[in-house]
Amino acid sequence: MELREAGKVRFVGMSGTLPYLIDHIAMGVFDVFQIPYSAVKREHEAAIASAAGKGAGIVMRGGAAKGAPTEGKQAGLQWERWRRAQLDDLLDA
């Protein structure tokens, strides 16, 4: 905050995840948050809405869901999230 007050930085941001992100938003000191979000990883939606409601900017990370499952990589956590989201019609796009 001292750097902002001295005019050395204009904005203060942070990258975070649940559950700590809720407390960081409540602090009211951050201008922007980098938050993981995609069509297959939506658990941060309420935190995104909360931060935006307080006037903070949002930078998404992982917005492309770390890519669609490619040949030979249709296993593991990312594949399971993709399967549960029922987005297979996007694979042929």
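Nothing fancy with the numbering, it's 1 onward along the sequence.
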Contact summary for G62 and S38, nearest pair of heavy atoms: O-CB, 3.3 Å
Closest approach of Y37 to E45 (non-hydrogen atoms, all atoms of both residues):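 Minimum heavy-atom separation between Y37 and E45: OH-OE2, 2.7 Å.
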Could you tell me the separation between the CD1 atom of I35 and the CD1 atom of I48, rounded to the nearest 0.5 Å?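 Answer for the CD1-CD1 pair, I35 versus I48, is 5.0 Å.
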Which pairs would a plain distance check flag for residues 7-17, meaning a side-chain donor or acceptor within less than 3.5 Å of a matching protein atom at least two apart in sequence or in another chain?
unit_1, atom_1, unit_2, atom_2, d
S15, OG, Q34, OE1, 3.0
S15, OG, R61, NH1, 2.5

Kindly write out the residues that satisfy side-chain contact (heavy atoms from CB on, under 4.5 Å) with V29, not counting sequence neighbours, or none if the list is empty.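 Once residues adjacent in sequence are excluded, the partners of V29 under the side-chain contact (heavy atoms from CB on, under 4.5 Å) criterion are M1, M27.
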Could I get the full list of side-chain contact (heavy atoms from CB on, under 4.5 Å) partners for I22, not counting sequence neighbours? L18, A47
Only counting residues at least two apart or in another chain, list the ones meeting side-chain hydrogen bond (donor to acceptor under 3.5 Å, both in side chains) with S50.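 For S50, no residue satisfies side-chain hydrogen bond (donor to acceptor under 3.5 Å, both in side chains) once neighbours in sequence are set aside.
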Quick one: list whatever passes side-chain hydrogen bond (donor to acceptor under 3.5 Å, both in side chains) with E43, sequence neighbours left out.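 side-chain hydrogen bond (donor to acceptor under 3.5 Å, both in side chains) list for E43, sorted by chain: K41.
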Under the salt bridge (Lys or Arg N to Asp or Glu O under 4.0 Å) test, residues paired with E80 that sit two or more places apart: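 Expected list: R83, R84.
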Determine which pairs satisfy side chain to side chain donor-acceptor pair (under 3.5 Å) with at least one residue from residues 23-32, sequence neighbours left out, and list them in order. R4-D31
Kindly state each residue pair satisfying salt bridge (charged side-chain N to carboxylate O under 4.0 Å, His left out) with at least one member in residues 49-60, sequence neighbours excluded.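 Residue pairs passing salt bridge (charged side-chain N to carboxylate O under 4.0 Å, His left out), neighbours aside: none found.
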F30 with I25, same ILVMFWY side-chain cluster at under 4.5 Å: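 Looking at the clustering, I25 is in the same group as F30.
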